[in-house]
Each structure stands twice: as structure tokens, then as C-alpha cells.
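Notes follow once the structure below has been shown.
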There are 4 protein chains.
Amino acid sequence: MSKIAIMSSGGDCAGMNPAIKKFVDYSISLNLEPYLIYEGLEGLIDDKIQKATYSDVSGIVHRGGTIIQTSRSKRFFEKEYRQIAYNNLKQKGIDKIVVLGGDGSFRAFNVFCAEFGDIKFCGVPSTIDNDIFGTDYCLGVDTALNIISNATDSLRDTASSSKRAFVVEIMGRDCGYLALITSLISGAEVCIIPEKPIDLEAKKQKLLSEMQNGRKYIIAIVSEGAKQTTQIVNWLKNDIGIETRVTILGHIQRGGTPSVFDRLMAFEFTKYAINHLLNVQEQASVVVYKESKFDFVSVEYVNSQKYKIKQDLLDLVE
Amino acid sequence: MSKIAIMSSGGDCAGMNPAIKKFVDYSISLNLEPYLIYEGLEGLIDDKIQKATYSDVSGIVHRGGTIIQTSRSKRFFEKEYRQIAYNNLKQKGIDKIVVLGGDGSFRAFNVFCAEFGDIKFCGVPSTIDNDIFGTDYCLGVDTALNIISNATDSLRDTASSSKRAFVVEIMGRDCGYLALITSLISGAEVCIIPEKPIDLEAKKQKLLSEMQNGRKYIIAIVSEGAKQTTQIVNWLKNDIGIETRVTILGHIQRGGTPSVFDRLMAFEFTKYAINHLLNVQEQASVVVYKESKFDFVSVEYVNSQKYKIKQDLLDLVE
Amino acid sequence: MSKIAIMSSGGDCAGMNPAIKKFVDYSISLNLEPYLIYEGLEGLIDDKIQKATYSDVSGIVHRGGTIIQTSRSKRFFEKEYRQIAYNNLKQKGIDKIVVLGGDGSFRAFNVFCAEFGDIKFCGVPSTIDNDIFGTDYCLGVDTALNIISNATDSLRDTASSSKRAFVVEIMGRDCGYLALITSLISGAEVCIIPEKPIDLEAKKQKLLSEMQNGRKYIIAIVSEGAKQTTQIVNWLKNDIGIETRVTILGHIQRGGTPSVFDRLMAFEFTKYAINHLLNVQEQASVVVYKESKFDFVSVEYVNSQKYKIKQDLLDLVE
Amino acid sequence: MSKIAIMSSGGDCAGMNPAIKKFVDYSISLNLEPYLIYEGLEGLIDDKIQKATYSDVSGIVHRGGTIIQTSRSKRFFEKEYRQIAYNNLKQKGIDKIVVLGGDGSFRAFNVFCAEFGDIKFCGVPSTIDNDIFGTDYCLGVDTALNIISNATDSLRDTASSSKRAFVVEIMGRDCGYLALITSLISGAEVCIIPEKPIDLEAKKQKLLSEMQNGRKYIIAIVSEGAKQTTQIVNWLKNDIGIETRVTILGHIQRGGTPSVFDRLMAFEFTKYAINHLLNVQEQASVVVYKESKFDFVSVEYVNSQKYKIKQDLLDLVE
């Protein structure tokens with residue numbers, strides 16, 4: 001019986017658990033033997049690899065994070081440890097791996113699979129940053145957006161009760177996608193993302209004029225990647241002259257019960273990944289979602305460019 | 001027909017809208033004429049006082065914040081502006097006010113009512129900090145705790161997925177109540193509150209020993225009032241040696257749909273306040289909730305001591 | 001200045017308020033004069049049509065339902081009342097209408113616009129049933145699914161605590177889409193939809209065998225449109241022999257804060273509808289979302305076929 | 001080392017998991033050996049009793065239901081099976097049990113402990129019905145109320161969008177407590193509970209008059225225990241003449257993440273129960289919460305009267 005494994009790698013996100021559930025159920029339905037690699041690349045090196053049963057994945061669909069944990073690994077950069085990882089897999093007869101992760105993880109696996117020749121992997125784009133080139137959607141984004149949206153809705157309740165500015169820092173290491181969408185759906189007055197520098201002087205004139213006409217509060221959404229949170233707080237306090245409070249959502253954006261959309265995407269991504277590993281010769285591939293269709297691209301393609309937010313979305317930011 | 005008004009003052013909190021709704025409904029049922037004072041003390045000075053109808057308060061019970069807005073006012077410290085405020089009330093024939101606020105607001109009204117002699121007020125303790133002496137409960141606390149609890153539950157999903165420490169800063173200017181309760185119900189490993197200094201060296205030994213025995217992540221709850229957020233982040237990074245991330249919940253703790261408990265407390269506080277204003281001679285009083293009973297105390301009493309967290313709760317923090 | 005109106009028609013859904021907000025903001029940005037028609041077709045006949053300002057739509061993005069209300073109208077079937085409706089619009093100079101509704105509403109407007117010749121409308125597919133032919137998505141579906149998902153997650157907590165069957169009736173007059181997706185994302189053991197009759201005898205054998213192997217509880221999702229709720233309850237009690245409880249979610253599936261996806265879709269649908277009304281001659285059209293693209297189809301096309309759930313989704317039901 | 005066990009019995013509720021977590025942690029801190037009895041009385045008979053470790057109860061505080069499952073047992077009514085249950089406990093050296101359940105479960109244990117003489121138990125009132133005499137609060141009530149409140153808030157969104165009546169059936173076998181509180185906090189127009197028969201003719205006149213003055217929708221909260229759901233639906237349709245829809249929440253009221261209040265109460269109830277078992281001679285007792293204080297009463301006392309809703313709450317229903 002063919003053996004297949006799944007692992008998380010890099011940052012976790014909502015949707016990983018539904019993917020793991022589907023991985024086990026679908027593998028068994030195809031008469032494959034499913035394995036779970038615990039603790040990401042570190043666990044792969046340390047042989048934390050276990051055969052999976054239905055009961056390992058029962059009742060996990062609605063849980064955030066990843067029950068098999070994840071990690072980043074410095075050791076995996078060294079040939080010596082990759083050899084150990086390879087031996088661990090071979091010893092169990094595993095030659096196919098589904099990797100829930102981001103572009104960095106896919107790069108690492110690309111090297112690994114090329115190196116040893118008889119291991120195949122298929123990556124599932126999983127990061128709330130939504131910053132992987134080649135796919136319109138990464139697992140976890142919809143859940144993260146809804147968690148952020150709940151937070152900004154709450155903030156608006158209290159904001160509309162007094163004269164204040166609120167700065168909310170949103171995750172996204174290099175990519176302002178989450179911050180941009182949050183600005184749109186919350187109707188934020190200020191949106192700061194790395195992709196589109198803001199003219200603070202023009203914005204200041206606009207806000208001051210609105211405040212003279214009755215505007216009482218300001219919500220500013222700042223992408224972590226813009227590294228301007230402190231600057232914007234000071235600008236609001238000193239240049240706009242309004243009492244200002246800060247919210248840094250941090251990792252609560254990563255947790256939470258997976259949304260319906262993320263569950264469905266997790267199921268589909270995983271099913272496509274397994275089918276691809278079974279039917280196609282490629283050693284390394286990534287399943288992507290483009291214009292409502294699932295497709296496969298190479299790791300080289302995914303890493304060939306930086307993800308760019310679509311222009312029509314960027315145009316919506318004043 | 002006797003005229004009665006309600007206003008918010010100081011920080012807003014969940015539960016104010018149900019209180020305003022009850023105020024209008026109950027006043028009308030008693031044949032009183034209800035008024036809404038908009039924008040707190042600033043609106044009182046600027047005569048933003050309007051007669052209320054059923055439709056003003058329809059559909060607000062489940063909304064966070066306060067539809068009549070709130071403010072802090074420097075002008076109200078000056079006799080000149082208090083005189084204007086008084087004139088605004090007298091002109092409309094209003095001589096009874098329900099004040100949703102904290103001890104600072106009650107002090108201001110105590111001065112105001114003593115000064116003019118023919119205005120009475122009853123305060124309803126309203127602050128998520130739960131730091132008003134003389135009452136076991138302040139409006140908004142239960143909702144804030146449940147919002148925080150949702151956030152820390154989400155965090156635990158992601159925390160249990162990788163090896164990290166998470167620092168969550170919780171509101172409470174001088175009082176660690178919210179942070180303490182959050183620590184208890186989320187099972188946080190570290191709890192930093194102003195009321196109980198922590199022995200960081202002992203805690204360090206404990207955490208390091210637990211980590212050697214398999215502990216993977218740490219959640220640290222830090223009360224804003226302890227002013228130690230940065231210190232704890234650095235301690236975790238440098239002394240404990242674990243990657244550390246920060247969440248500052250900020251004002252999302254103040255918003256959100258009022259919980260059932262806050263709606264019920266809002267209804268009761270308001271009913272008791274109105275009855276007291278109608279039946280008792282006192283010019284200034286505060287309705288309190290002590291050991292499951294509603295009662296009334298003087299503003300002097302409320303301000304006579306600092307609120308203290310009960311010792312048995314403090315004992316639960318290691 | 002050109003005048004344009006928006007109305008809800010038929011059943012309400014989450015996403016209507018963000019659409020109304022966008023309608024007003026976007027119209028003003030294009031120098032159009034926006035109007036709100038209150039209470040659907042009934043309000044159109046009774047002239048409940050008001051010019052809209054920013055403040056009419058402030059703070060509504062996160063509210064479920066539709067602030068301009070909706071209705072079904074028997075009177076609109078009569079020429080006499082359509083004439084009155086037409087006169088109301090002409091008197092105000094309104095010749096373009098965005099209609100948030102379903103295929104029935106679009107049919108009614110198609111007749112209306114053909115009849116009078118100088119009124120144009122563009123429909124936005126809005127129904128949680130997701131049963132409009134020609135579009136992959138109808139406004140409100142994502143929010144409804146997430147509300148249902150919360151409910152079934154809660155149910156699973158309690159289901160896994162004791163030996164019982166739970167039947168959940170899900171909305172969908174003729175279409176099992178909501179029930180089907182709910183079955184998938186909740187891992188329900190039984191899924192009853194009108195599109196795919198179930199072999200109860202085979203299912204009985206399967207469940208009995210699973211129960212002998214340790215299965216403790218059963219969740220059955222039944223589409224309202226299948227009209228089999230009572231039958232399935234009795235089958236579980238008598239044929240399967242398990243204590244059975246029923247949940248009928250009813251209209252709570254229609255309410256709730258619009259999800260991020262529904263807000264974004266509401267914004268896009270509305271923007272496309274307005275642009276189409278301004279730039280295209282057609283009197284009657286419907287904006288649709290097909291394979292990640294927005295497009296326009298005729299009312300005749302929308303009504304030419306019954307919506308069919310995609311075969312690959314149906315195949316997922318055993 | 002003294003051995004102590006915990007079990008759930010009867011219906012499950014939110015708060016049981018935090019109680020189980022606290023039971024294990026607190027027992028270990030007191031140097032007791034904690035055991036979990038799985039599947040309630042059935043599991044007690046079938047010897048599903050396991051020694052508990054920290055890891056058995058890690059990450060369960062925020063989960064609804066009970067991880068040790070619960071049951072009702074006919075066998076436990078027979079001496080023969082009680083003898084087996086007793087033997088199971090003695091064999092492991094367990095002589096103290098915390099029982100999370102309702103009055104029926106407490107009665108069963110009262111018989112059991114009297115029969116064998118050297119087993120003690122302490123009951124923790126756990127039922128969302130809040131119908132146990134002798135305590136102001138039963139575990140699970142606050143969570144259930146907040147789940148119901150979310151549902152009725154959603155319903156009001158959609159209700160206020162069209163002219164309709166909505167009937168919501170709320171749990172409570174004999175007791176209308178949940179329905180009564182739901183009526184109050186949702187401002188329902190009709191409240192049907194077994195404790196207070198409604199004058200339908202008077203209510204009809206009132207509603208019809210309100211509808212003539214502009215009332216558009218009606219929300220009717222009906223307690224399951226009143227057995228009048230169908231009657232009220234027909235009354236609204238036929239006598240009031242309004243289109244009517246039904247929601248039966250069912251067991252989703254029992255699930256859901258435990259609220260902060262239920263977590264705190266679970267911790268306290270459990271701590272008091274363990275202390276009592278260790279320090280007091282009584283064979284059978286129930287920990288209760290009366291006027292903000294924890295106390296202990298006998299099983300006979302709990303069963304001496306039917307729980308009555310306080311008169312001042314009943315008076316709030318028109």
C-alpha cells in the first residue's frame with residue numbers, strides 16, 4: 001500500500017486542521033496509508049512521524065491552528081540533517097508529502113526532493129498574509145479577515161461613542177493585503193500599506209476639513225509591513241491633534257475557528273494535491289487557485305516573482 | 001410631568017445602550033418625560049439635550065458603545081460652564097439625571113448638584129476596569145471579559161501550533177482585575193498586575209524547568225496598569241530565550257455586543273436609579289451591586305477608598 | 001444631475017446593508033443623486049422614496065438585514081399599481097434602479113421596465129438560497145453558511161457528549177445548496193437534499209454497522225426543500241433506534257453581521273450595477289459572478305433555467 | 001494517596017470541561033490522585049474509569065460539552081448494577097466523587113452512597129434549565145443565554161427588514177427561566193412560559209393596536225416546557241393575521257464555548273466540592289450558590305421543592 005504524509009511548515013493558519021482531516025479521510029478512501037509528520041521540519045528530522053487513523057483527526061475541523069504543530073528549522077539548511085530526514089521517510093516507505101506552508105517552505109522542499117530523487121511533494125499555499133505568487137488565495141486568509149473584521153466592528157462601536165483616533169496594526173510581513181481589505185470593509189479613514197505610500201500632508205488636509213464638518217473619530221489601519229505604526233500614532237496626535245489609541249491584533253489573527261470558505265478550500269486544495277502526487281511525475285509542485293480554478297505550478301514559478309496586489313484593489317485606496 | 005435625563009460620561013462601555021433603552025421605556029411607563037443628553041458633559045454645556053421617544057432607542061440593545069456618545073470635559077471644571085449646564089437643564093425643567101460613568105464623573109456631578117441645590121443625580125457604575133469602590137460589579141465588565149476570552153482562545157490555537165511566547169496587554173488603568181480574570185480563565189502561564197508584583201527570577205526557574213519537561217509555549221497576560229509590557233517581552237526573549245509576539249487588544253475590549261449579563265445589569269441598575277431619584281431626597285447617590293443585592297451609597301463613599309481586588313482572587317495568582 | 005435609486009425586494013439577506021452603503025457613497029462620488037426606496041415594491045407604490053445622504057448609511061456596514069426594509073407585493077401584479085409606482089419615480093426624476101433581490105423580483109421589474117420604456121434597472125442576485133441561474137454566487141450565502149457552521153459546531157460539542165442523533169433543518173426552498181455545503185464542512189453523517197434522493201436502506205445498514213464499531217452520535221442535515229424533516233426524525237428514532245433531537249434554524253440564517261466576503265461582494269456587485277446602468281442601453285439586466293468575473297445577463301436568461309448545483313459538489317454526497 | 005473521581009451525568013452543558021480541568025489541576029495540587037469516569041453512570045457500571053494526567057485535560061477549557069461524555073442509565077436503578085459500579089470504584093480505591101449533573105443524578109447518587117456506606121459524593125448543579133432548587137445558579141446557564149441571545153439578535157436584523165412574526169422555541173423542560181430571560185434581553189413582544197399563563201385575548205388586542213400604530217414585526221419567545229409552540233404559531237397566523245416563521249434552537253443551546261462566567265463558576269464549584277469531600281463527613285451533598293456565596297445543602301433539600309423563578313422576574317412579563 002502506497003504511503004503518503006502531511007506536514008505543516010512555517011507559520012500556522014486556520015484551515016490547516018480541515019486540510020489534515022481531509023488528508024486522512026481521502027487517503028484512506030483511496031487505499032493509501034496516511035502519515036502525520038509532527039512539528040514541521042524539526043519533527044521530520046527528529047522522526048516525529050506517525051501513522052494516522054480516523055480518530056487522530058476526529059473533531060478537529062472547527063479548531064484553529066494545526067494539531068500536528070509547525071516549526072521553522074535551521075538544521076534543515078544543512079545537508080546532514082536533510083539526510084536524516086530522508087532516511088526517516090524511506091524507513092517508513094513514505095515517498096509522497098503534502099506540505100501546508102508558504103514559499104519559503106516550498107523552496108526548502110524543492111531542494112530536498114531534487115537532492116534525493118525519489119521523494120515527491122505538493123505544496124498547499126497556507127498563510128494569512130496572502131502573499132504567494134501564482135495563487136489568488138492562500139489558506140487562512142478568509143478566517144483572518146473575519147477575525148479582524150469582528151475586531152474593527154467592535155472598535156467602531158466604541159469609536160463612534162467619543163472623539164478619538166484608533167490605529168489598528170494588521171499582520172502582513174511584506175504584503176498589505178489584509179490591511180487593504182480591512183480598510184475597505186471597515187470603511188477606515190486611513191490605510192497604510194507598503195504597496196502604496198500615502199501623502200500624509202494631503203490626507204491631513206482632508207481629515208481636518210472633515211473634522212470641521214462634523215467628523216468625530218478616525219480609524220487608521222496600518223499594515224505591519226509598512227513599519228509606520230508609531231509614526232502614524234504620532235502624526236494623529238501631533239499633526240491632526242486628536243487623542244489616539246492603538247490596537248495591535250498580533251497572532252489572534254492566526255487563530256480562530258476556520259470559516260466555511262477556508263474549510264472548503266482546505267478540502268479542495270488537499271484533494272487536488274493528493275491526486276496530483278498520485279497521477280503526475282513531477283517531483284515538486286504547488287497547487288494554486290486562479291480565477292476559480294485549481295491548477296499546479298512549479299516551485300520555481302511561485303518564487304519567480306513577488307506577489308502583487310491587483311491594481312483595481314490598490315486603486316480603491318485613496 | 002416630571003422630567004428626567006440620562007447621559008454617558010468618561011469612557012464608554014458595553015451595556016450603556018441597554019441602560020439608555022431601559023431608561024426611556026421605564027420612564028415613560030412611570031409617566032415621566034425622558035431626555036437624552038448627547039456627548040456627555042460637553043453636550044450638557046452645549047445644550048445637546050433632546051426629548052426622547054421610543055423610536056430613538058429602538059434596536060439599540062445589542063449594540064456596543066453608547067448611542068448618545070460620551071466625553072471628558074475640561075470646561076466643566078469651571079464654574080462658568082457649570083452655570084451654563086445648569087441653565088440648560090432648568091430651562092427644560094429637568095431636575096433628575098442618571099449618569100452612566102465612573103468615579104471621576106460622579107465626583108464632578110457631586111460638586112455640580114451641591115452647587116445648585118435643586119438638581120439630583122444617581123450614578124450607574126460603568127467601566128470595564130471594574131475599579132469603582134463600593135460595588136462588586138461595573139457595567140461592561142462581563143462583555144469585555146468575553147471579548148478578551150475569545151481573543152485568548154484564538155491565541156491558544158495558534159500558540160499550541162508552534163514554540164513561542166505570547167504577551168497580551170489587557171486594559172485597566174490602575175486595576176488589574178481584567179488581566180487577573182483573563183489569566184485564570186485562559187490558564188495563562190504568566191500574570192502581571194499592579195496589585196501583586198511578580199518574582200521574575202522564581203517564575204523564570206519554573207518556566208525553564210517546565211520547558212525542559214515539554215512545555216512548548218507561554219501565554220503572558222499583562223495589565224496595562226502594570227506598565228511592564230515591554231519589560232516582559234524582553235524578559236521572555238532574553239531571559240527565557242523564546243521567540244515572543246505581542247498583542248495589544250486596546251479599545252476592542254470596550255466594544256462588542258453587550259452580553260446577556262450586562263443587559264440584565266443595565267436594566268436593573270437603571271430601574272433602581274430612577275426609582276431612587278423619584279423616592280429619595282438625596283441629591284447625589286450611586287447605585288451599587290454588593291453580594292447579589294442592589295443598594296445606594298454616597299459619592300463620598302465611592303471616592304473614600306481605592307477599589308481592591310478580593311484577596312481570594314489575588315491568591316489564585318501564583 | 002442624474003438620479004438613481006436602490007431597493008430591496010423579496011427576502012432579505014446579509015450583505016444588503018453594505019450594498020446600500022456602497023450605492024450611496026459611489027453614486028455621490030460619480031455626481032449622481034442617490035435615492036432609497038423603503039419597504040420594497042410596496043414602498044415603491046406608496047411613494048416611500050427618499051433622497052439619501054451619507055448619514056443615512058453611516059454605521060450600517062456591519063448590520064444584518066436591510067435598513068430600507070423589503071417586501072413582497074401582490075399589488076405590483078396589477079397594472080394600476082405599477083402605473084402609480086412609475087409616476088412616483090418619474091415625479092422625482094429617477095430613471096435608474098438597482099434592485100437587491102431574487103429571480104422573482106427581477107421578473108417583476110422586467111415587466112415594469114418594458115411597460116414604461118424609460119426606466120432601467122439592474123438586479124443584484126441576493127438570496128441565501130444561492131439558487132439563481134446564471135451566477136455562481138448570490139449575496140448573503142457566505143454569511144448564512146458561517147452562521148449555520150457556528151450552530152453545527154456547537155451541536156457537535158454536545159453531540160459528542162452523549163449518544164444521540166441530531167437533525168438540523170437548513171433553509172433552501174427548492175435548492176439544497178446550503179444543506180449540502182453544511183454537510184460537507186460539518187462532516188454530517190446524513191445529508192438530505194432535493195437534488196439527490198438518498199437510499200435510506202443502504203444508509204441504515206452503514207450507520208448500524210458504524211454504531212456497532214463505536215459510532216456514538218449522528219448528525220443529519222436536512223434541506224427544508226426536501227420536506228423530509230419529520231420523516232428523517234422518525235427514521236432515526238424507529239429504524240436506527242437512537243434518541244433524536246431537532247433543530248430548525250429558521251430565519252437566524254438570514255441575519256447576522258455580514259461576513260468579509262459578503263461585504264466585498266456587495267461593494268463589487270453594486271459598483272458594477274451602477275456602472276452598467278450609466279453606460280449601457282439595456283433596460284433590464286442582472287449583474288452576475290461567474291468564474292471569478294463579473295458580467296451581465298438578461299432577466300430572460302436568469303429565468304430560462306433552474307439553478308443546478310455543480311455535479312462535483314453533488315458527487316461529494318455519498 | 002487519596003483517590004477522587006469526577007463524572008458527568010444526565011444532560012451535558014457548557015462549563016463541564018472547565019470543571020473537569022480544574023478538578024484534575026486542583027486535585028494534583030492537593031496531592032490527590034484524580035480519576036475520570038467516562039460516559040456517566042453507564043461508564044461507572046462498565047468500568048470506564050481512568051487515572052487522569054495533566055495532558056488529558058489540556059486545551060479543554062474553551063470547549064463546549066464534556067470530554068468525558070455523559071449518559072442516562074436505566075441499569076443504575078437496579079441493585080445488581082450499582083453493586084458492580086461500587087466494586088469498580090473500590091477496586092481502584094476511589095471513595096470520593098464529584099458529580100456534574102442535575103437533581104435526578106444527585107438522587108441516584110444519594111441512594112448509591114447510602115447503600116454502600118463508604119463512598120462520598122458532592123454534586124455540582126449543572127443544567128442549562130437553571131431549575132435546581134436551592135441554588136441561584138446552575139453551570140451552563142450563562143453560556144446558553146448568550147448563545148440564544150446571539151440567535152435572537154440575528155433574528156431581529158431580519159425581522160426588522162420585513163413584516164413578519166417569528167416564534168423561537170427555547171429549551172427548558174419544566175422551567176421557563178431561559179425563555180423569560182431571553183424575552184427580557186431581546187425585548188420580545190410575546191413570552192410564553194409554564195410559570196405564567198398568558199391572556200391571549202388581551203395580548204391580541206395590544207398587538208393589533210400596536211400594529212395599527214406602526215409595529216411591523218413580532219418576536220414571540222416560547223418555552224419548550226409550555227408546550228404551546230404550535231398553538232402560538234397558529235394564533236399569530238390566524239388571530240393576529242401575520243405571516244409567521246419558526247425557529248427551534250434545540251441542542252445548539254447546550255454547546256458552544258463556555259462563557260467567562262461559566263468558567264469561573266466551574267472553577268469555584270469544583271474547588272468547593274473537592275474541599276468539602278476532603279473536610280466534611282457528610283456522605284452526600286450538593287454545592288450551591290446563593291446570594292453570591294457558595295454553600296452546601298443535602299440532596300433531600302434539593303429535592304424537597306420545585307425550583308421557582310423569583311417573583312420580581314416573573315413580574316417583568318406583562
Side-chain angles (χ1 to χ4, degrees), chain B residues 18 21-22 25-26 29 54-55 57-63 136-137 141-150 152-157 159-160 178 181-182 184-187 210 213-216 257-268 271 289-294 312-313 316 318, chain D residues 18 21-22 25-26 29 54-55 57-63 136-137 141-150 152-157 159-160 178 181-182 184-187 210 213-216 257-268 271 289-294 312-313 316 318:
Chain B
K21 165 83 169 153
K22 184 70 173 188
D25 291 354
Y26 190 61
S29 79
Y54 282 125
S55 74
V57 294
S58 114
I60 67 167
V61 166
H62 64 302
R63 291 172 61 184
D136 291 344
Y137 190 75
V141 171
D142 186 61
T143 306
L145 282 170
N146 279 295
I147 287 178
I148 299 169
S149 165
N150 283 343
T152 52
D153 286 349
S154 272
L155 207 56
R156 196 165 282 276
D157 285 341
S160 64
L178 288 188
I181 299 294
T182 301
L184 295 178
I185 58 100
S186 69
E210 285 178 14
N213 292 316
R215 163 168 301 289
K216 294 211 173 110
T257 296
S259 71
V260 171
F261 189 75
D262 270 325
R263 295 187 200 188
L264 290 173
M265 289 302 288
F267 293 165
E268 290 296 296
K271 202 185 67 182
Y289 187 69
K290 288 288 286 183
E291 309 198 340
S292 296
K293 300 239 180 300
F294 290 91
D312 60 341
L313 272 177
L316 294 174
E318 303 172 55
Chain D
K21 164 85 170 151
K22 185 70 173 187
D25 290 356
Y26 190 62
S29 80
Y54 281 126
S55 74
V57 295
S58 113
I60 68 167
V61 166
H62 63 302
R63 292 172 61 185
D136 290 346
Y137 190 75
V141 171
D142 187 61
T143 306
L145 282 171
N146 279 294
I147 287 178
I148 300 169
S149 167
N150 283 343
T152 52
D153 285 351
S154 272
L155 206 56
R156 197 165 282 276
D157 285 342
S160 64
L178 288 188
I181 299 295
T182 302
L184 295 178
I185 58 97
S186 68
E210 285 178 15
N213 292 315
R215 161 167 303 289
K216 295 215 174 106
T257 297
S259 71
V260 170
F261 189 75
D262 270 324
R263 296 187 199 188
L264 291 173
M265 290 302 289
F267 293 165
E268 291 296 297
K271 202 184 68 182
Y289 187 69
K290 288 289 286 183
E291 308 198 340
S292 296
K293 300 239 180 303
F294 290 90
D312 60 341
L313 272 176
L316 294 173
E318 302 172 55

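Keep in mind that this is a model prediction, so the values were computed, not measured. Atom set for the values below is all heavy atoms of this structure, side chains included, hydrogens, waters and symmetry mates excluded. Naming: A, B, ... by sequence-line order, numbering from 1 per chain.
- Judged by distance alone, the side chain of S149(B) and the main-chain N or O of V260(D) form no donor-acceptor pair under 3.5 Å.
- Separation of the Y289(D) and F294(D) ring centroids falls under the 6.0 Å cut-off.
- Comparing T182(B), I148(B), L145(B) by how many heavy-atom pairs each has under 4.5 Å with chain D, the most go to L145(B).
- Taking the six-membered ring where the residue is Trp, the centroids of F267(B) and Y26(B) are separated by 6.0 Å or more.
- Looking at K293(D), only its side chain comes within 4.5 Å of chain B, counting heavy atoms on both sides.
- Using a 4.5 Å cut-off between heavy atoms, D157(D) touches chain B through its side chain atoms alone.
- Heavy-atom distances place the side chain of T257(D), and not its backbone, under 4.5 Å from chain B.
- Remark: the backbone N or O of T152(D) is not paired with any side-chain donor or acceptor of S186(D) at under 3.5 angstrom.
- Your options are R263(B), K22(B), K290(B), R156(B), and the one with the most heavy-atom pairs under 4.5 Å with chain D is R263(B).
- Side-chain atoms of Y137(D) and D142(D), non-hydrogen and from C-beta on, do get closer than 4.5 Å to each other.
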